[in-house]
There are 2 protein chains.
Amino acid sequence: MASHGARGRSGGRPTLEEVAARAGVGRGTVSRVINGSPRVSDATRAAVEAAVAELGYVPNTAARALAANRTDAIALVVPEPETRFFSEPYFSDMLKGVGAALSDTEMQLLLIFAGGDRERRRLAQYLAAHRVDGVLLVSVHADDPLPDLLAQLEIPAVISGPRSSAETLPSVDSDNYGGARQAVEHLLSRGRRRVAHITGRLDVYGAQRRIDGYRAALSDAGHGADETLIEPGDFTEEGGRRAMAALLERHPYLDAVFAASDVTAAGARQALREAGRRIPDDVALVGYDDSAIARHMDPPLTSVRQPIEEMGRRMIDLLLTEVADRRPLASRGLERRQMVLATELVSRSSS
Amino acid sequence: MASHGARGRSGGRPTLEEVAARAGVGRGTVSRVINGSPRVSDATRAAVEAAVAELGYVPNTAARALAANRTDAIALVVPEPETRFFSEPYFSDMLKGVGAALSDTEMQLLLIFAGGDRERRRLAQYLAAHRVDGVLLVSVHADDPLPDLLAQLEIPAVISGPRSSAETLPSVDSDNYGGARQAVEHLLSRGRRRVAHITGRLDVYGAQRRIDGYRAALSDAGHGADETLIEPGDFTEEGGRRAMAALLERHPYLDAVFAASDVTAAGARQALREAGRRIPDDVALVGYDDSAIARHMDPPLTSVRQPIEEMGRRMIDLLLTEVADRRPLASRGLERRQMVLATELVSRSSS
DNA sequence: AGGTACTGTGGGAGCGCTCCCACCGGTGAT
DNA sequence: ATCACCGGTGGGAGCGCTCCCACAGTACCT
């Protein structure tokens, strides 16, 4: 009967206008208080805050997004099927860092899997609708078109591992070159002389950098370059097994192996066992990632740890700056926009 | 110079209005086409669709949310720290089902962890802002205030395991009672006579139902009730170990154990080993969840599988109906709003 | 005294949609 | 011929904010 016929009036959620009336000020002033503008007198601010508390006012995000043309949300895009996301500790560590860095922010984090084609299309639509202010990209392959799409849409993005040395996007990476050096130098310092390397996927920039680090450590120590000690892998266990078998055939007397990932090392370990080699007595083994696998391997695996959580935190820092600056078309130089974090060698009994 | 001074005009994203002009129709008509209303002639629809394609029009979500008072997003709320989410396959399976059910929808899924106090407050704020149209609640304890908050805010919600037999929220559950019966009947059919039970956390309704099922299977088979064969656990490995030890002390000659979870069974297995009991020769063991643990245990563990993915799918179905109906204050009865899905016994060599 | 420069404030305009009412012309009943 | 009705359509009003311009008041120069 008395119905006004108004829509959505269900709970009677208070609006900015109502808060303003209650506090005896104008709409603009309330908006300023809500958004923490300094250009408000203390007395007014207090009055507004009181009104907000009394009314239980909560800003309407949709209205804000529409008027201000921002969403206060960012997406963590994982171009992998969900399965990998759950099985690899890399992602959960990253998520932890990202979550921590975001926790004292108003920013909302969205987790988006874009493994299959269907999901890719959905994602493209999603980004085209500008439903996020920025994007965090992890585990991107060299030929992924996603970064270009983001650039075209002018959506700020930060990538977790640059796609190449010519990466144009702001990026955060761990020091793959240095990490590999550490690993090899460690092996050499333990008296090993014939150190082989099983690489990662060659289309991943980080894997290339690890090869570079491996080469540099050897040549710095005065070892001649022997490219036949390098065997390509693909970050998988099976790839590690195959590569190790090939290496053993070529170099029966090698006494150390640096594998580009812990999983690869696990495969290598298998092949070594099958060939009757003892670890570390006959062959020392070092992995990369310091994952759970490393700790649980028999014997426990020496591995290079990347500060993944820290990387997540830094990515957020970078992204939030990008978003705040919101300059279309990467205008500023890349001075402080590409960072590389140090790795750490975790020594266990496999070496 | 020529600047109009307009805000956000960066990319020149087309608006509804522009599409309407292009197609030579009114705004309302375009809106109708976009939203799939049937009250549009085929010719008009085609014209609009062409214009949409030519302009690359993508609806502005914020504007839609503001005008229509809905967000087209739902949240999966996990009242646990992220760690548990990643370590327990329960959640990833659930997520898979939910994702699948949502994939042919416009609905967006948000994943929200509300483990700590801080996160709880953030979540409350989030919900108060009505940033989602509905909520999926998993793994809620009996005394959690979250469901009440949701009811108060009139946000549709579906819960994955009812908190009690008097659950008021729509819910999807697996048949804990029937699953437990299956497990115990299986043990009895294998000739076991002294079947013990290690329970789950007693404040979890599902754990209670499993106890009921255990009791029913035994009494149906003509076994007198022996409450001393029931030992409380808490779903953890350590709890399982302790409970098993206690049981062995009380009943040295028991020949079977039904554990309320696979993790619990893993603990029980440990205690059995320490006591020199062989599995299944001396004592048969059955778990619950059919998780990876069950498959990898030595010996592989017989376990009760819950159709978790299916549960996720059903929860979405229920929730979407709730959201569509959008009746404030649960008006309809609960007829079709609480469903129970059948479980399946996966027999392996531990029994 | 008049000017200039701030600080703090109010409120109009507008963000891009949805909702709904009004309207138009064709159809069938009266 | 008149009326009621219905499928199809256009466009006004309004969702709750932010942005920005205008303006009052005060302070500090010349």
Side-chain angles (χ1 to χ4, degrees), chain A residues 3-21 23-48 52 55 57-72 106 128-131 133 326, chain B residues 3-21 23-48 52 55 57-72 106 128-131 133 326:
Chain A
S3 165
H4 186 335
R7 287 180 267 155
R9 275 234 146 219
S10 54
R13 247 175 93 196
T15 70
L16 239 209
E17 193 98 40
E18 285 163 37
V19 174
V25 300
R27 234 173 42 250
T29 303
V30 177
S31 176
R32 257 164 251 141
V33 172
I34 298 292
N35 292 291
S37 157
R39 329 192 114 285
V40 180
S41 72
D42 289 349
T44 310
R45 163 167 288 117
V48 171
V52 165
L55 261 36
Y57 170 75
V58 179
N60 179 320
T61 341
R64 173 179 289 178
L66 178 58
N69 197 33
R70 62 191 165 82
T71 64
D72 287 327
E106 289 289 84
H130 284 263
R131 294 186 64 166
D133 292 341
R326 179 84 88 162
Chain B
S3 166
H4 187 336
R7 285 180 270 155
R9 273 234 149 220
S10 55
R13 247 175 93 197
T15 70
L16 240 208
E17 191 99 41
E18 286 163 37
V19 174
V25 299
R27 236 173 42 249
T29 303
V30 177
S31 176
R32 257 164 249 139
V33 172
I34 299 289
N35 293 291
S37 157
R39 330 191 114 284
V40 180
S41 72
D42 289 349
T44 310
R45 163 167 288 114
V48 171
V52 165
L55 261 37
Y57 171 75
V58 179
N60 179 320
T61 342
R64 174 179 286 178
L66 178 59
N69 197 32
R70 60 190 165 82
T71 63
D72 287 327
E106 290 289 83
H130 284 263
R131 293 186 65 168
D133 291 342
R326 180 84 91 162

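Sequence lines set the chain letters: A, B, ... in the order given, protein chains first and strands last, and positions in each chain run from 1.
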*Figure out the CG/P separation between A/Leu66 and C/dA13, and round it to whole Å.*
18 Å
*Contact class for B/Thr44 (heavy atom, under 4.0 Å): base, sugar-phosphate, or nothing?*
sugar-phosphate
*Mind checking whether B/Ile34 and B/Val52 have side chains closer than 4.5 Å, heavy atoms only?*
yes
*Considering only side-chain heavy atoms of A/Arg32, which listed nucleotide, C/dG10, D/dG10, D/dG12, is closest?*
C/dG10
_Could you tell me how far apart B/Leu16 (CG) and C/dC17 (P) are, to the nearest whole angstrom?_
4 Å
*Of all the choices, C/dT18, D/dG10, C/dG14, which nucleotide is nearest to the side chain of A/Ala67 once you look at every atom?*
C/dG14
*asked:* Taking the minimum atom-to-atom distance to the side chain of A/Thr29, which one of C/dT9, C/dT18, D/dT18 wins?
replied: C/dT9
*Below 3.5 Å, does any donor atom in the side chain of A/Arg45 face an acceptor in the base of C/dG8, or the other way round?*
no
_Whole-Å distance separating the CG atom of B/Leu55 from the P atom of C/dG16_ = 14 Å
*asked:* Quick check: closest heavy atoms across B/Pro14 and B/Leu55, and the distance to 0.1 Å?
replied: CG-O, 3.4 Å
*Kindly indicate whether the side chain of B/Arg13 and the base of C/dG16 share any N or O donor-acceptor pair separated by less than 3.5 Å?*
no
*Whole Å only: how far is the NE2 atom of A/His130 from the C1' atom of C/dC17?*
17 Å
_Residues that A/Thr61 engages under side-chain hydrogen bond (donor to acceptor under 3.5 Å, both in side chains), provided they are two or more places apart_ = none
*Identify the heavy atoms of A/Ala65 and B/Ala62 that sit nearest to each other, and give their distance.*
CB-CB, 3.6 Å
*Nearest whole angstrom, please: distance from the C1' of D/dG16 to the CG of A/Asp72.*
15 Å
*What is the minimum heavy-atom distance between B/Arg64 and B/Asp72, and which atoms define it?*
CD-OD2, 4.0 Å
_Closest to the B/Arg27 side chain, choosing from D/dG11, C/dG16, D/dT9_ = D/dG11
*Send over the distance from B/Arg70 CZ to C/dG16 P, rounded to a whole Å.*
18 Å
*Could you give the CD-to-P distance, from B/Glu17 to D/dG11, as a whole number of Å?*
9 Å
*Has the side chain of A/Asp133 got a donor or acceptor atom that lies under 3.5 Å from a matching backbone atom of A/Arg70?*
no
*Report the residue (A/Val30 or B/Ala62) whose heavy-atom-nearest nucleotide on DNA chain C is the more 5′ of the two.*
A/Val30
*DNA chain C-proximal residues of residues 35-43 of chain A, any heavy atom under 4.0 Å*: A/Arg39, A/Val40, A/Ser41
_Gap between atoms CD and C1', on B/Glu18 and C/dC17 respectively (whole Å)_ = 13 Å
*Taking all atoms of both residues into account, what is the closest heavy-atom pair of B/Arg45 and B/Val40, and its distance?*
NH1-O, 3.6 Å
